[in-house]
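These notes are about the structure you will find just below.
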Protein chains: 2
Amino acid sequence: MNVMNASPRRKELTRLAAQLFVQEGFDRTTVRMLAQEMGIKSGSLFHHFRDKQEILAAVIEEGTENALVIAREALSRCDSHASSRLHAMARAHLETLLTDRNAHVVALYEWRRLDPEARAHLGHLRDAYESLWEEVIDDALATGLIHGDRFLVSRFVMGALNWTVRWYDPDGTRTPDELADELVVMITRSTSTR
Amino acid sequence: MNVMNASPRRKELTRLAAQLFVQEGFDRTTVRMLAQEMGIKSGSLFHHFRDKQEILAAVIEEGTENALVIAREALSRCDSHASSRLHAMARAHLETLLTDRNAHVVALYEWRRLDPEARAHLGHLRDAYESLWEEVIDDALATGLIHGDRFLVSRFVMGALNWTVRWYDPDGTRTPDELADELVVMITRSTSTR
DNA sequence: CATTTACACTAGCGCTTGCTTGGTTGACCC
DNA sequence: GGGTCAACCAAGCAAGCGCTAGTGTAAATG
C-alpha cells in the first residue's frame, strides 16, 4: 500500500507537520500540537492519516520524491561531460536540501522512527536517488576527473553535502551554487584555483 | 556546575545509557528501560543522575572529551608537516567515531534534546575540538596541500567523516585508517594515484 | 562505638500520550 | 430531496511517562 500524498489538503498538512517535526523532533511532537498547527482538533487528524507514523512517512516521501524530480531534471538539462554533470548534481542536491529543508532534515534525523514497511518503501526511493549519484561519480572517475574508490567517494560527497543542513545559513552571503562549486573544486584534480 | 563523570559506577551506567540511546533514541528510552539495562530499579537511577537530561549530557560529555584527548595525542605524536597532521587528524577522528561510536551517534542525533546549560557547556567542548581541525586545515591551505575556503573545507571534511557513522561497517573489509587516507587523497592535489 | 555515605528498594503521584468513539456539518450529485 | 462523503469535533480511555518520598542496609569513617 502506497502512502499517497495526493489530496491538496493532505499535502498542506504534511508541510506543516514537517515544520513541527524539525522544530521539536518527531517524538516530542504530539498529535495535539500537530492538530493545533493545522487549525483542527486532534481527533480530526486521524481522518487524514491512519496514525502518527503515517504522517512521518508522508513527510519523508514528499521530500525524497522532490529530490528525485529535481535531480533528474538537472541532469537532463545539461550536456554529457562528466564535469558539468557533477556540478549539476551537486547543485541539485543543495537546491532540494534548502527548498525542502524541513522534509530532508526529518528524513535524516527521524528515519529510525519509521515502521518497517514505510522504511522499505522509502528506502527504495532513496536508493533510486543515490544511484543517480553513483552514475555521475562513475562518469567522473572514468574520465579521470576524480580519483579513488567509487563507493567511498560517493559516500564522502553525500556526507559533505548532507552535513550542510547543520551549519548552512540561507540568509548568509553564500549561495547554494557557490557551495556546490566549491565542493566540486575540492574533490577534482587539475582545475585552476577557482 | 560541571557534569562530572568521575565515579566508575556512573561511567559504566553512562556507557549503557549511550547504547540504549542509540538503539531507541533519547525520547523513546524510558527511565525504566535504562534502569533495567543497568540492573537496578527506576527510582535508583536518580541517585546517580539528577534527571534524565543529565544522563544525556553525561553521555555526550564522555564522547567529546575522548575525542579531544585522542586528537591531541595524535597531533602531538606526529611531525609538523601539514600532510601528516591532516592524515593524523582524519585517522583520529574516525578512531573516536568508532571506539566511542554510541556516544558520538548520540551527540550527533540528540544534541537538540540538551537543555540550554548543558548545551552551552558541551558546545565549548565541541568548539575546542573543532578548532583543532581548523588549525590543521589552515596549515594544509597555507602549504598549498589543499585549496579553497577555510570555513567550507573544514565543514565539508567533517561532514564527510561524521557521515561515516551512517554507513560504515566495522566488520567489513575496510579499516578506519584506509577511510581516512582515502578521504585525504580525495581532497589533496598533486599526490600520485595511491 | 556512633555516624555518615553510597546505593538500592517500594509505591505511587500527577500528568501526557496516541488513538478511539460516536456524532455533526455542509457541500455536492443524480 | 434523499443519499453520499469528506471534514471536523467533544469527550475520554488505557497505557505509559518522569520523577518523588520515604525506607533499608552494608560499608566506610570519626
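Not measured: the values here are computed from a predicted model. Below, read A as the first sequence line, B as the second, and so on, with proteins coming before strands; counting in each chain starts at 1.
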DNA chain D-proximal residues of residues 15-41 of chain A, any heavy atom under 4.0 Å: Arg32(A), Ile40(A), Lys41(A)

Partners meeting side-chain hydrogen bond (donor to acceptor under 3.5 Å, both in side chains) with Arg119(B) (sequence neighbours left out): none

Ion pair Asp149(B)/Arg174(A), N-O distance below 4.0 Å: yes

Ser42(A) vs Lys52(B), nearer the 5' end of DNA chain D by closest nucleotide: Ser42(A)

Partner residues of Leu98(B) under the side-chain contact (heavy atoms from CB on, under 4.5 Å) criterion, sequence neighbours left out: Tyr168(B), Pro176(B)

With Phe46(B) via side-chain contact (heavy atoms from CB on, under 4.5 Å) - residues at least two apart: Val31(B)

Under the side-chain hydrogen bond (donor to acceptor under 3.5 Å, both in side chains) test, residues paired with Asn66(B) that sit two or more places apart: Asp100(B)

Set of side-chain contact (heavy atoms from CB on, under 4.5 Å) partners for Glu117(B), sequence neighbours left out: Asp115(B)

Covered region of DNA chain D, 5' end to 3' end, by chain B [heavy atoms, under 4.0 Å]: dC17(D) to dT20(D)

For a quick test of your reading: what N or O donor-acceptor pairs under 3.5 Å do the side chains of residues 137-144 of chain A make, sequence neighbours left out?
residue	atom	partner	partner atom	Å
Asp138(A)	OD1	Arg150(A)	NE	2.7
Asp138(A)	OD2	Arg150(A)	NE	3.0
Asp138(A)	OD2	Arg150(A)	NH2	3.4
Thr143(A)	OG1	Asp139(A)	O	3.1
Thr143(A)	OG1	Ala140(A)	O	3.3

Partner set under side-chain hydrogen bond (donor to acceptor under 3.5 Å, both in side chains) for Asn162(B), not counting sequence neighbours: His93(B)

Residues in side-chain contact (heavy atoms from CB on, under 4.5 Å) contact with His47(A), at least two apart in sequence or another chain: none

Segment of DNA chain C, first to last nucleotide, that comes within the 4.0 Å heavy-atom reach of chain A: dT17(C) to dT20(C)

Those residues that, when tested against His104(B), pass side-chain hydrogen bond (donor to acceptor under 3.5 Å, both in side chains) (two or more places apart): none

